[in-house]
Amino acid sequence: VTDPLSIQGEWREEIPLVVVDYEPAQMFLPKTSTLLAERLIAQYKVLRAMRQEATPRACILWVKSKTAGSPLVRAIFELYKVLNADEATLFCAGYPVDFLESLTSLGLPALPGFKITVTVEEAIRLARNL
Amino acid sequence: MIVHNLADVEDGTCAVRYDRTLPKSLCFGEGIVIIGTMFCRRQTNLNAPTLAGLALGCFAAIAFSQGSPDQLNRNIEDLSRKEITTRVRAAQSIGNYGKDALPAMQILVKRLDADYEVWQVKEACAQSLGKIGPVAKEALPSLRAAMESRHSEVVVAAAWAVGEILRGSDTTKDLADNVAALLQKATSSEEVRKVAKASVAEMGPKCGPILLEFLTKNPDPTQARFAAQILADSIHLSLDDVVAYRRLLANPDAEVKTRFAAAVTKVAQECASAGATCLAQLPKIKQLELTEPIDPTLRQYEDGIKMCESYLNLIASRDGASVILRYGLRFAIPAELFLLAMIVGLVWLLFSGARKSGALRRTNKEAQEQIVSIQGEKRNLEERITDLNERIDEISDRKAAVEHNETARAVLQRFVPMPRFEDRSGFQIASSSKNSSDVSGDFHNWSTRTDGSLSVYLVDVEGSGIDAAIQATHAAKVLERILTRGDLKESPTQLLADADRAMQRELGPQNIAVTMNLLEIHPDQIRLASAGMPAPLLFRHLQAQPQQLLAAGVYVGAGYSRFRILPRSVDANVTEGDLLILFSDGVLEARNESGKIFGRNGIETAVARVRQADPKAIADAILLAAAEHAGTDLPADDQTVVVVRFGVQTPVGTGAETLVTMRLDKKEAEFTIINAANTAEVCYSELRPKITDWVPSDRLDQPNRIWCAVWDGLTDAVSHGSYRGDIIYLRLWKDSEGVVVELEQPMEWREWDRYLGIARKENLSVGYPKSSNDVGGTATLLRLSDSITGSMQGRLLSLSFRYRPTGAERDEKL
């Protein structure tokens, strides 16, 4: 990963897909939480702006990194709030299983309009069925 | 000449009076004192004529007193006067004439022999006879008789006089009689014994065989011990003498035996110190070896003799090579001479050939110039040869010195133990040392005490060469026996006093200074006793400025009992992460070219660079820094550093890279993590599997729960609670209720309660998060753990995770 916080986005099968990747050290940096939230939201807004005809019903966040932690959880929650305002569902795919306890303990999977999937394909399938 | 009052001198009106009874040397001395005093006090009211007058007065007085036979005669007459003070004064004055007072010997002896004479006069007479010196041998019987006086003053004076009269005497009969008389003073007071001992010593080496012979005749035990003490302390014995009387090593009296052994060891050491010139004596030294069974009280003697033998054998083994080198080098000189001869011969041939052939005829002047030129060349070559010779001698001497020291060091290292790194529960200890170009005696060791603590000593024996090495070895063996024995339970101060007594008792008076630091180390406390060694430095956890541990004390072997003082110890509590540095003065006093010492600052700087390293690396780094400061790898004095780190094993690292060290057992797990660029990566790849394996997954709801809490705790500790290079400690243990996780970071977090306290936990939304306040690191910790407490101003967080009840437990509860 050349960019310490790699955020990319694309429309895949009519679903906006935000891909995030970073080195483990990013989770131990104080500013990662804010930076990550800003950039995820920005990327989503860019994707949304690309298709102005309709507000997307869902968005997929694909976490490619092998580590997670509170900075990512907080960023996901901030992204969720934006999507929730759009009445769209946030699919979180590929969240590192070794860190899943943090996410679940905070109750994020119980949020309305928030789903966790293992793979991106599964997230796309579920999103298309909405 | 008497100066009544120095104020008179200051006024410049000093009255100078010549006293005929005073010796000329005293007159001269007082004259100098008067003039010196005046100059020193910078009297401005003294004019030149006053000074000149005083000086002239002094020298006139000296001149007047020169060789005054009349005065001697008057003193002799005064010896028969009625007044005691006159007689005493006369007797004292006579002595000041030295050997010139020989005419007064008879009257002095007479007064000495007279039964009715008062002791003060007898004392003065004895002293004067001593001052007359060797020419007063006829007075010896009277002096021996005076030694039986009931007045110790007379005995002391007579004993002293005997020594003075027989100083360096060759007459065995005189020596034997008087030595016997002096030895009878063995039971007298300490002062008399001291003077008697000094007198025998004054008589010179000829007394050695007399004392040895005396010892073989089974004399009175007290006298025998006294004789043995004189032999060991004051007499220079020859190797032949000790070999001839070696049967004394089996003397039934232990003190006689050990003192004789000390004297023999001294002789052998001197022989070994003489090096190659003494190789021929090696067979004689071999004769001094004890035959089986070895007497345990002579263990030190046996070691000493073997060491001398080892040393001479080593020299012998190198001697062949040395000879080859020396003569090989010298072989270059004839080659130069040969070259010179060739040049002269060639020139001569050319010169004569040219003259004979007539083809190259030169004038006489040219020939002479050539001869002068050749002679000049010859002189240059001769000078060069001389230079080369000097250089060869210099190189040979230097080589011999280096070989000497290498040999001495080899001998020392063979006998002195070197400790190894030790990792104990609660602390680690390691050391590093560097030998100087000369041989001196830094040595150190540690051993376990009966209560499980560690006793550490660091000793520095000041001295150089084989003598210092041998002394250091003896000292080491004495200290090793006392300080590293299996049942060690005395305090460091008691041990120091024990060592002091043992060194005095077993090694006798030494020409060496032994300094030492003695330490008792517990995981939470240290106790230090010092004997002149530099004060150790205690670096507190997370503090850059060290604390000096000051414990006053005198040199070991100098005698705490003699100085009537007790060593003082200093105690200090220690905690995890504290670092203790002990070092010898060779480290502290390492100097650079401009003479600046390495000092405490140098040590502190070196420690700061490698503070997180293991003790061995820290010790090495200090010695390396001292070498860099001095600009040489070869220190002027031995350098030793001992480092003790308290707490769990500390990782090696500088902050550039992290390194997680672990200590795992069934109940407990401890991890030390350095804050570095790759901490997260290493924690994920190395720490996570260890924790998830260690956690009892069958009794916790979510196996990864503890790992996730640890990860979020580490996120806070790395990003907010520490800087790069700092250490974060992580401890986990199991108890009956569940698992406890402790995270310790170096920086305080005084507001921990606001984020992790009960109030925050209660305010967290139930179910899913409602606001940003409900997510994040602290919220995660509160959600994952069952309870959290903080201590040490928020540096230490304890998270507990309760077990879920087993099926049987649930049934029982129902």
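Proteins get letters first, then strands, A, B, ... in listed order; numbering begins at 1 in each.
Checked options B:Asn675, B:Val718, B:Asp716; the residue passing with A:Phe28 is B:Val718 (criterion: side-chain contact (heavy atoms from CB on, under 4.5 Å)).
Counting heavy-atom neighbours within 6.0 Å of B:Lys770 NZ, excluding the residue itself, gives a total above 12. Around atom NZ of B:Lys761, more than 12 heavy atoms belonging to other residues, nucleotides or ligands sit under 6.0 Å away.
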(request) Start with the C-alpha gap between A:Leu100 and B:Asn704, add the side-chain angles, then the distance that decides, and say whether side-chain contact (heavy atoms from CB on, under 4.5 Å) holds. (result) CA-CA 8 Å; A:Leu100 209 52; B:Asn704 252 347; over 6 Å; no

(request) Would you check, one step at a time, whether the test side-chain contact (heavy atoms from CB on, under 4.5 Å) holds for B:Arg783 with A:Glu101? (result) CA-CA 10 Å; B:Arg783 296 270 195 185; A:Glu101 298 291 346; over 6 Å; no

(request) Evaluate the side-chain contact (heavy atoms from CB on, under 4.5 Å) criterion for residues B:Arg705 and A:Ser105: first the C-alpha distance (whole Å), next the side-chain angles of each, then the deciding distance (0.1 Å), finally the verdict. (result) CA-CA 9 Å; B:Arg705 186 152 70 108; A:Ser105 70; over 6 Å; no

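A 4.5 Å side-chain heavy-atom check between B:Ser719 and A:Met27 finds every atom pair outside the cut-off. Counting heavy atoms from C-beta outward, A:Pro30 and B:His720 have side chains that approach closer than 4.5 Å. When side chains are defined from C-beta on, A:Leu108 does not count as touching B:Tyr768, because their heavy atoms never get closer than 4.5 Å. Counting heavy atoms from C-beta on, the side chains of A:Leu106 and B:Thr780 come closer than 4.5 Å.
There is no contact between A:Gln26 and chain B, counting heavy-atom distances below 4.5 Å. With a 4.5 angstrom heavy-atom cutoff, A:Lys81 touches chain B only via side-chain atoms. For chain B, the nearby part of A:Thr67 is the side chain; its heavy atoms alone come within less than 4.5 Å. Using a 4.5 Å cut-off between heavy atoms, A:Ala75 does not touch chain B at all.
The ring of A:Phe99 has its center closer than 6.0 angstrom to the ring center of B:Tyr684.
Across B:Gly776, B:Ser772, B:Gly777, the residue that shares the most heavy-atom pairs under 4.5 angstrom with chain A is B:Ser772.
Closest non-hydrogen pair, A:Pro24 versus B:Ala680, comes out as O-CB, 3.4 Å. Pairing each heavy atom of B:Asp712 with each of A:Ser70, the nearest pair is OD1-OG, 3.1 Å.
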